[in-house]
Amino acid sequence: MKEMRVMRAIGDIDDIYIDEAAPSEKKKALRFTAWTKYAGIAAAAVLVVGIGIFVLNMNNRIGVNEPPQTAPSAPTTTATETTDEVPDLAQAVSPFEDYETLEEAVKASGIKMSVPDSVGGFTDRRVSVIFGDLIDVTYLNGSGEDEYVIRKAKGTDDPSGDYNEYAGTKEAAVGDYKVTMKGNGGKISLAVWTDGTYAYSVMAVNSGITQAEMEEIIKNVK
Amino acid sequence: MQDEQIIELYFARNESAIAETDIKYGRYCLTVANNILRSSEDSEECKNDTYMKTWNMIPPKKPDNLRAFLGRIARNLALDMYEKMHRRKRDINSTEAILDELAEVIPDPNSDVEKISDDSELRGAINAFLGTLPEDSRKIFVRRYWYAGSVEEIAQDYGFGKSKVKMSLLRTREKLREYLESEGIAV
């Protein structure tokens, strides 16, 4: 089959082209992640993976699985040698786990959540769980870019991961909650609140919205 | 661990070479395989086969670029597996779509080419062609046809719209077909 011949031939392109197009491990822009909060967990996860690999490796050596004939039989490493250097986080762990539906993300994280079907007229969305304790629902525009991000996380810390400096900050009562709203030029770009057990955030990524529009979204996030 | 140190472990026939490779490049190999196979179980098998093949190849081989070396092996093994599965009529639509797209770059058999070119000529021509492309177009092309990435993934990763990615791929395929024809390469 000729297409397969072309596909195989493409396999032999120069290394520099393979490198420059290598997929990034993270699935979205860093500025939207509460990176500092999760960096410690990521390092721990790397260590667990490292130890897991080491244990598997040891199992192989003690004959739990028969080693391949070409492999050497004498063990030569120790645990400290295997884990003495923490690998690049970006290469080893992706904090995002994507799900087809919100229901699946709820099941995976154990966090109950409901969000509007449509935000700002956008219905296409991507649902992720970040390190098991934060659900991120991102509404995408027609070009597949992020428009609105709604998050819910265990705890009371701001889960938005939005560290932009905004000119205006105010508190507003929406239903039973006291919501902190931030934005520029009278518009709201970020809203954050907590019910004491969970923290919530709504972010308008590309342009701010009115307070009334933001309140309408907040009322439909549970 | 540095790539040079990992390669030294292979040369020393030290089995931890495989564990270190897995820590550093395991996810990379899985991504390359899974983009073609779309099955985590098969990709896992492909990844493990990649390590065995690497173990058997180094030494005598001493790769300059370990990541690309592993990726190339994983990709070839995944394509082998894909072909085997395809014969068993298993459903791997996304890779089929990529192959359909590549059919567009095959020069018209009626065009003025003298003979079917050998593999090395075809490889050389594709490599030379990539060097003529602007960086963005080249990265999009390689992500689609080397890494077998989906249009959605590519758009998200590079921050382009999906339509821009599709348009770029279409133009690059067209240019590649013209380039192969102008070089007298037949597939």
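A, B, ... follow the sequence lines: proteins, then strands. Residue 1 opens every chain.
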Closest approach of [X] to [Y] (non-hydrogen atoms, all atoms of both residues):
X	Y	answer
B:Val142	A:Tyr17	CG1-O, 3.6 Å
B:Asp80	A:Arg8	OD1-NH2, 2.8 Å
A:Pro23	B:Tyr28	CD-CE1, 4.4 Å

With only heavy atoms counted, which part of [X] is less than 4.5 Å from chain A, the side chain, the backbone, both or neither?
X	value
B:Ala155	neither
B:Tyr147	side chain
B:Tyr158	side chain
B:Leu130	both
B:Val105	side chain

Measuring from atom [atom1] of [X] to atom [atom2] of [Y], what distance do you get when rounded to the nearest 0.5 angstrom?
X	Y	atom1	atom2	result
A:Ile10	B:Tyr145	CD1	OH	8.0 Å
A:Glu3	B:Glu101	CD	CD	11.5 Å
A:Asp12	B:Trp146	CG	CH2	10.0 Å
A:Lys2	B:Leu99	NZ	CG	14.5 Å

Discussion item. Any carboxylate oxygen within less than 4.0 angstrom of a Lys/Arg side-chain nitrogen, looking at A:Asp15 and B:Arg72?
Written reply: yes

Worksheet item: Does the pair A:Glu20/B:Arg143 count as a salt bridge with the N-to-O cut at 4.0 Å?
Response: no

Worksheet item: Relative to chain B, which of A:Leu140, A:Asn141, A:Ile18 shows the most heavy atom pairs under 4.5 Å?
Response: A:Ile18

Fill in: A:Met7 and B:Arg75: CA distance, side-chain angles, deciding distance, side chain to side chain contact (heavy atoms under 4.5 Å, CB included) verdict
CA-CA 10 Å; A:Met7 187 77 175; B:Arg75 185 180 184 274; 3.7 Å; yes

Discussion item. Taking CG in B:Asp64 as the centre, count heavy atoms belonging to other residues, nucleotides or ligands within less than 6.0 Å. Is the count above 12?
Written reply: no

Discussion item. Is it the case that over 12 heavy atoms from other parts of the model lie below 6.0 angstrom from the NZ atom of A:Lys182?
Written reply: no

Item to complete: Examine distances only and state if a side-chain atom of B:Asn127 and a backbone atom of A:Asp14 form a donor-acceptor pair shorter than 3.5 Å.
Response: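 Confirmed, B:Asn127 side chain pairs with A:Asp14 backbone.
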
